[in-house]
Amino acid sequence: MKKKISILVVDDDSAHRIMLKTLLETWGYAVFEADDGSTAFEKVKQKAFDLILMDIKMLKVSGIEALDMIKNFNPSIPVIIMTAYSSVETAVKALKKGAYDYITKPLDFDKLKITIKKAAEHAYLKTENQALKKRIAESFDHQNIIGKSEAMIKLMEAAAQIAYSEADVLITGESGTGKELIGNVIHYNGSRKNNPFIKINCAAIPETLLEAELFGYVKGSFTGAIKDKKGVFLLANRGAIFLDELGEMPLIMQAKLLRVIQERETTPIGGEKSYSVDVRIISATNKNLLSLIKKGEFREDLYYRLNVVEIKAPSLKKREGDIPLLTRHFLKTFNKKNKKSIKGITPEAMDMLIKYNWPGNVRELMNAIERGVVLSSGDYMDKSSFSWLNSGAGDERQTSNIQNNDKKNISLKEAEKRIIIKTLEACGDNKTKAAKLLRITRKTLNSKLNYKN
Ligand SMILES: Nc1ncnc2c1ncn2[C@@H]1O[C@H](COP(=O)(O)OP(=O)(O)OP(=O)(O)O)[C@@H](O)[C@H]1O
Ligand SMILES: [Mg+2]
């Protein structure tokens, strides 16, 4: 059910106030009362009203004084002032002080209804917008995920949606596509963000240690267990666990993990007592779990438990349009790290980066830019800064594409895309400007950037 909009009616004339309260309640609002300016201010400090309807002429603390105090305390709350015809001047003064609108007495009820509706909508939109902006700012500021391609925008939208749910998530994608970054975004935008987020790499830890890490142990349960150790499931209670490289988890551990997930309880190794746990599991893998299942190397039941929602991180090749953006981002980072001041990259070198296959995805690009920054002595990174890329897999891929597809069509589209990317670069990534220069619409520009090979 939608929450009622709350209105504080401030008037020292009790009959008028009660009349207003009754009227507003019949219009479906939740109405609160205050009989003078200072009481109104006290109430505003205690409750976040959506709207205030306030008489200007009150004996103790006037509407103007109260408006000042309220606006100082919370500038975003809309205040509608009621005033007699004779004091319109004061009403204008109130507008200057930040009142949303004023309405003259005797009140025209139709007008009052419209004014209140508009003010309430305005307030609602404002808070919605702030929340939205905050959400976006959070995910982009803190996690630093770069990418404006359609694939990345879709991915971020999906991640934001999933973040708010409690569902377990499986993030799949090739190595270096940013799975861990996505895991961070999901956790730190969700309702568990203030609780622990503990990361475990299933490939980096030997089997016996992995069990001890996940479930903990009691003192004396094996040689070397000199004191009790809490497992990750307990430590991350009410928070989340990031199970990285899930595809590498040994089958025995998979069975134990499944038990914890099903029973929502964990028992430390060698312990008697079990503890109930409430943990969200975000896992990641660059393996194809379905084919591991076919080979008997991954449990199907565990797969379906952890894969309530799947997020696929696109390979860098599938979002070539992001390469210039990422390059600039990493250039900035590594200039700083290496105390260099390289200004940019030549168009030929950028072209090379765009053509390359990037089997190691963003991580490989990041390393390439770091190497480029270190190796370059001039103002700009050029082809020689990336000479080792020439022998890469990129060329092979180009050839196979041409063999498999209509040659003419591919090269034309490729050419178009290159021109667009270069123009975009020249315009500092301003799509509207680039589209104008190319005499195409922004929409066409976007679709041409996102075509898949
Ligand atoms: N969209 C992006 N914007 C900025 N940096 C990124 C992006 N994607 C990945 N990176 C960077 O690339 C590196 C690799 O990312 P990450 O570790 O998240 O990849 P991964 O998919 O978990 O890789 P692996 O499968 O090898 O573990 C990190 O340093 C990360 O910061
Ligand atoms: Mg990773």
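For the numbers below, each heavy atom of this structure counts, side chains included, while hydrogens, waters and symmetry mates do not. Worth saying up front: this structure is predicted, and the values here are computed from it rather than measured. Counting convention: from 1, in listed order, for ligands and their atoms alike.
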Does any N or O atom in Glu180 lie less than 3.5 angstrom from one in ligand 1, N or O only? yes

With a 4.0 Å cut-off, would you call Glu157 and Lys154 a salt bridge? no

Does Ser175 reach ligand 1 with a nitrogen or oxygen that is under 3.5 Å from one of the ligand's nitrogen or oxygen atoms? yes

Sequence neighbours left out, what pairs pass salt bridge (charged side-chain N to carboxylate O under 4.0 Å, His left out) with at least one residue falling in residues 277-289? Arg192-Asp278, Arg238-Asp278, Glu248-Lys287

Below 4.0 angstrom from a heavy atom of Phe330, which ligand 1 atoms are there? Numbered from 1 as shown, please. 5 (N)

Could you tell me whether Gly178 and ligand 1 have an N or O pair separated by under 3.5 Å? yes

Decide whether the shortest distance between a heavy atom of Ile182 and an atom of ligand 1 is less than 4.0 Å. no

Mind checking whether Gly176 has an N or O less than 3.5 Å away from an N or O of ligand 1? yes

Of all the atoms in ligand 1, which lie at a distance below 4.0 Å from a heavy atom belonging to Met366? 29 (O)

Do side-chain atoms of Ser221 reach the backbone of Tyr217 as a donor and acceptor pair under 3.5 angstrom? no

Per-atom filter on ligand 1: closer than 4.0 angstrom to a heavy atom of Ile145 are 1 (N), 3 (N)

Under 3.5 Å, side chain of Trp358 to main-chain N/O of Leu353, donor-acceptor pair present? yes

Under 4.0 Å to a heavy atom of Arg319 - the qualifying atoms of ligand 1, by number: 1 (N)

Using distance alone, determine whether Leu181 and ligand 1 share an N or O pair under 3.5 Å. yes

Give a yes/no verdict on whether any heavy atom in Ala313 is under 4.0 Å from an atom of ligand 1. no

